[in-house]
Structure formats: C-alpha cells, structure tokens
Amino acid sequence: MAPVPSLPIRVGHIDDVQELRKAKPTTIPERFVRDMAERPKLSATLSSPTDIPIIDLSKLMKRDQDEHENGIMQLKTACEEWGFFQVLNHGIDLSVLENIEEVTKGFFMLPLEEKQKYPMAPGTVQGYGQAFVFSENQKLDWCNMFALGVEPPCIRNPKLWPSKPAHFRENLEIYSREIRKLCKNLLKYIAVSLGLKGDAFEEMFGVAVQAVRMNYYPPCSRPDLVLGLSPHSDGSALTVLQQGKDSSVGLQILKDNTWVPVQPIPNALVINIGDTLEVLTNGKYKSVEHRAVTHKEKDRLSIVTFYAPSYEIELGPIPELVDGKNPCRYRRYNHGEYSKHYVTNKLQGKRTLDFAKIESKTST
C-alpha cells in the first residue's frame, strides 16, 4: 500500500495520544498545538443531519423508473454540489457494522505494548501509529491510527493483522467484503449519473485496491488548540466512513470556505468523492477537503475504507466528459505513481492533486 522509504525518515518523538490522555498533562505538548490560522473554531453550529445530502440506496435499486431516475438525480446533485453524502439502506447487515466497531474499539483499548507489536514504520501507512509524518517538527494530529491493506492480497502485510482482540481478522474480512460490494454498487449509479454505462468504472479499475484505516480520537483538554486529523482530500475514488455509536461529532467538510460539521445519521455510512474520481470526471465531481476535530469529554471512533483503481491502471479524464466547454483539466498518469505520491506527502488540503493538474494557459 505504501512504498518503502528510500532514505531514513526522522520523525522525532511521537506521543501516543491515548497515553497522553491517561497522564493528564497540564499543557498540551507543543507538537500538537496548531498555529493560530489552523485552530478550529468550536463554536460552529452543528449541521442538522439533513444538511448533508442523504441517498437512499434502495430507491436507486427499484424497478420503478420514476423513483430510479429521481434517485439518480439526487445522487448527481450530491456529487456535484457536495462531494459528500450519507447513504441509507445500503444493504449491509447492522450486525456486520456492530461487530467491526466492537473489535476496532477492542483493539484501541489494548495495552500500548500490545498495539506496538504492529508498528507503522515512518514513511508508510500500514500498522499502528500516526501516518503522514515526515519530519521532526511537523505538527501532529490528536489521533491514534491503525491501517491495513485489504485487497488485492498482494498489498496485505500479514504481520500487521492483529491476533487480538479475538475475531478481529474474520470480522474485518466480512466487513471489507460488504463495503467492496457497496462501493461497486455506488460507482455503478455514479457512472449512470454521468451519462456513462453502469459498468464503466468497474471495467476501468481492474482489480480495485481497498484499504482500511481505523481512527481513535481520545478526549482532549484543549480541543481549541489541536486537530484530530489535518485537512485533506482523499486519494481514493470513493471513501466510506463508519462512525462509532455515541462518538462525538468530529468530521468537518469544507463547503463554500466554511467548515461544516457532519452529524452522522444512525446506521448510515458517510461517502465522499476522492481525488481519483475528480480526475476521471474531469472535475465534474470534485473531491472535498475535510478534517476531524476533537472533544473535551467524549472520544470518537471511525472506520474508514478507501476504494481505488488497481495500481497498474493508467488514468485520466474520461473522453466523454471532455469537450470544448470542458477542456481537459488533468493529465494521464499511472495510478500507482499517484498513490506513491499521495502517501509520501503530509496531509495538506488538496495539494497532492496538483500532481495530476494541467496548468491553465493564460494569454498575455
């Protein structure tokens, strides 16, 4: 999933935030304290669940032509105007969602020495620790991460799949199979919403790459000083987020230059468009910058799946979506090269997408 760094990366000492929380320091360590411009304004009003578009997948699957077309239009609007939506009636049994949440929480509650048996090496994105840290003075996120490559089997690192808690592996396998089906289904309807054949993305992607990252955000005594996760867009085609029950509201998306908190609907999954889909649609459907904030008293758990084309695939804007009014905005590139570029740079808004952009020519 991530290249092995060619040179040693010095990341300095990284505190484990769960251990920090237990120690109850009188001040937040300097590496977690954000510059003034980056600090979250926590007085923002919570969005109501209806602010973020809601897609009922069962309507898209109905044979009734009117309901199906109405669902496709809702999906198109969600992708064009938000790049984020919540999906209901997604077809995944609630017990599957509950089981993955239980074993994920169980993993994070293990003693530190047990979790450290699965370390995330500097410059990589699999294992337990903090990803996207590349220097000793880089600001850190108030978050512990555990990330694994899932599909295809060649991206797995079996040594990082934990033996505890019991049934972790089998629950992750079942969950990942269900999420993979959901991604294929959503991409079929997204293709139709663009006027393409339903199997357009599946044919293009080859054996799709799938990875999971589990995030645990303990409470923080000064949530106004830190970020749970730095602002970024995802390098995937689609990202699927499951938030733990009773978690604090932490996900925020950048909409019209304002950070909008996302209030998850019970049993819904949050979907967002990644950079890869932005390139393929020639910018018609854009990836969206998002971040996570922390809470003074409540913790937060999220399970995030990234779904993307095979690393061998060459990508660029789909020809049907390029014309005189919509000139080509992105170059063609190898997806493996873009993935390497993404995971070897720190999270910094949508900057990694510059890798694919064609510079606009201005007349003098």
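Numbering of residues begins at 1 and proceeds along the displayed sequence.
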Exercise for review: Could you please spell out the steps behind the side-chain contact (heavy atoms from CB on, under 4.5 Å) verdict for Phe85 and Ile54?
Suggested key: CA-CA 6 Å; Phe85 56 90; Ile54 297 165; over 6 Å; no

Hydrogens and angles aside, do [X] and [Y] bring a side-chain donor and acceptor to less than 3.5 Å of each other?
X      : Y      : value
Ser233 : Glu289 : no
Asp93  : Ser95  : yes
Arg169 : Asn171 : no
Gln65  : His68  : no
Asp234 : Asn272 : yes
Glu337 : Tyr311 : no

So, does [X] use its side chain to make a donor-acceptor pair with the main chain of [Y] at under 3.5 Å?
X      : Y      : answer
Asn157 : Lys159 : yes
Arg31  : Gln138 : yes
Asn282 : Arg329 : yes
Asp35  : Glu38  : no
Arg300 : Tyr217 : no
Arg180 : Ala208 : yes
Ser247 : Gly244 : yes
Gln86  : Ile265 : yes

Review point. Checking side-chain contact (heavy atoms from CB on, under 4.5 Å) for the pair Asn99/Ile174: CA distance, chi angles, key distance, verdict?
Key: CA-CA 10 Å; Asn99 289 343; Ile174 293 165; over 6 Å; no

Practice item. Could you state whether Leu194 and Val322 fall into the same hydrophobic cluster, counting links through intermediate Ile, Leu, Val, Met, Phe, Trp or Tyr residues with side-chain heavy atoms under 4.5 angstrom apart? Key: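 No; Val322 is not reachable from Leu194 via cluster members.
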
Check your understanding: Can Ser58 and Asp56 be said to form a side chain to side chain donor-acceptor pair (under 3.5 Å), step by step?
Key -> CA-CA 5 Å; Ser58 65; Asp56 184 339; 2.5 Å; yes

Exercise for review: Using the ring pair (Phe, Tyr, Trp, His ring centres under 6.0 Å) rule, collect all pairs that involve residues 268-295, keeping only residues at least two apart or in two chains.
Suggested key: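 Sorted result for residues 268-295: Phe84-His290, His232-His290.
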
List the atom pairs, donor and acceptor, that lie under 3.5 Å between side-chain atoms in residues 103-119 and the rest of the protein, sequence neighbours left out.
residue, atom, partner, partner atom, Å
Thr104, OG1, Ile100, O, 2.7
Glu114, OE1, Lys117, NZ, 2.9
Lys115, NZ, Gln18, OE1, 3.1
Lys115, NZ, Phe108, O, 2.8
Lys115, NZ, Tyr128, OH, 3.4
Tyr118, OH, Ser163, N, 3.3

